[in-house]
Amino acid sequence: MSLLGAFLSVLLTPASAALAAAAGAESVVATLARGGRVSCRPVLPYYCENIHIGCAGRTTISAPPFTLAVEEDRVSLIYQARGSRTTSPVRAGRIAFADELSYAIVRLGPSADYVRINADGTYSFRLYLRGIGNMSYGSCR
């Protein structure tokens, strides 16, 4: 993503959420708030050391598609391992919602790892390995 694209996505996120609400579509964050599930797909199949301006420092860490499922204030991150036909919860955590459901933060277990999901479905996933924060981004629906 270019610097301009990143800048515009930050500016347009609230507008996208407002348009979805005006069209009668439930936002991704609202789906999670009512105890639903969303499926998320990364833009790139791997994590980066920094995604604020493109992918700086491509890693060898796979970034698979995943599902977030919420039950009360607990959330499970579920993904299908490569070559597997089954899925299972691999991480559990807590979810906190911003005012007016503009975004949600998913904290995964006792680690510092987290996923931020905006109302329009865009997400960024921060995964800490050996003290280094690796990042993935994509969209959920």
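Model, not experiment: these values are computed from the prediction.
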If you measure from [atom1] on [X] to [atom2] on [Y], what distance do you get to the nearest 0.5 Å?
X: Ile95; Y: Leu108; atom1: CD1; atom2: CG; value: 10.0 Å
X: Leu127; Y: Ser136; atom1: CG; atom2: OG; value: 9.0 Å
X: Tyr47; Y: Ile61; atom1: OH; atom2: CD1; value: 8.0 Å
X: Arg37; Y: Leu32; atom1: CZ; atom2: CG; value: 11.0 Å

Taking all non-hydrogen atoms of both residues into account, name the closest pair between [X] and [Y] and its distance.
X: Val115; Y: Ile117; value: CG1-CG1, 3.8 Å
X: Ser102; Y: Ala98; value: OG-CB, 3.7 Å
X: Cys140; Y: Val38; value: CB-CG2, 4.1 Å
X: Cys55; Y: Leu44; value: CB-CD1, 3.8 Å
X: Ser39; Y: Thr67; value: OG-OG1, 3.8 Å
X: Pro65; Y: Arg41; value: CG-NH1, 3.1 Å

Would you check if the distance from the ring center of Tyr123 to the ring center of Phe66 is below 6.0 Å?
yes
For this output row, return yes or no: ring centroids of Tyr103 and Phe97 closer than 6.0 angstrom.
no
Taking a hydrophobic cluster as the set of Ile, Leu, Val, Met, Phe, Trp and Tyr residues connected by side-chain heavy atoms closer than 4.5 Å, whether directly or through intermediates, do [X] and [Y] fall within one such cluster?
X: Leu129; Y: Leu77; answer: yes
X: Met135; Y: Val43; answer: yes
X: Leu101; Y: Tyr114; answer: no
X: Tyr79; Y: Tyr128; answer: no

Has the side chain of Asn134 got a donor or acceptor atom that lies under 3.5 Å from a matching backbone atom of Ile132?
yes
Using side-chain heavy atoms (C-beta onward) and a distance below 4.5 Å, is Ser27 in contact with Asp120?
no
Taking NZ, NE, NH1 and NH2 as the nitrogens, is one of them in Glu26 or Arg34 under 4.0 Å from a carboxylate oxygen of the other?
yes
More than 12 heavy atoms of other groups within 6.0 Å of Arg126 CZ
yes
Under the side chain to side chain donor-acceptor pair (under 3.5 Å) test, residues paired with Ser111 that sit two or more places apart:
Arg91, Asp113
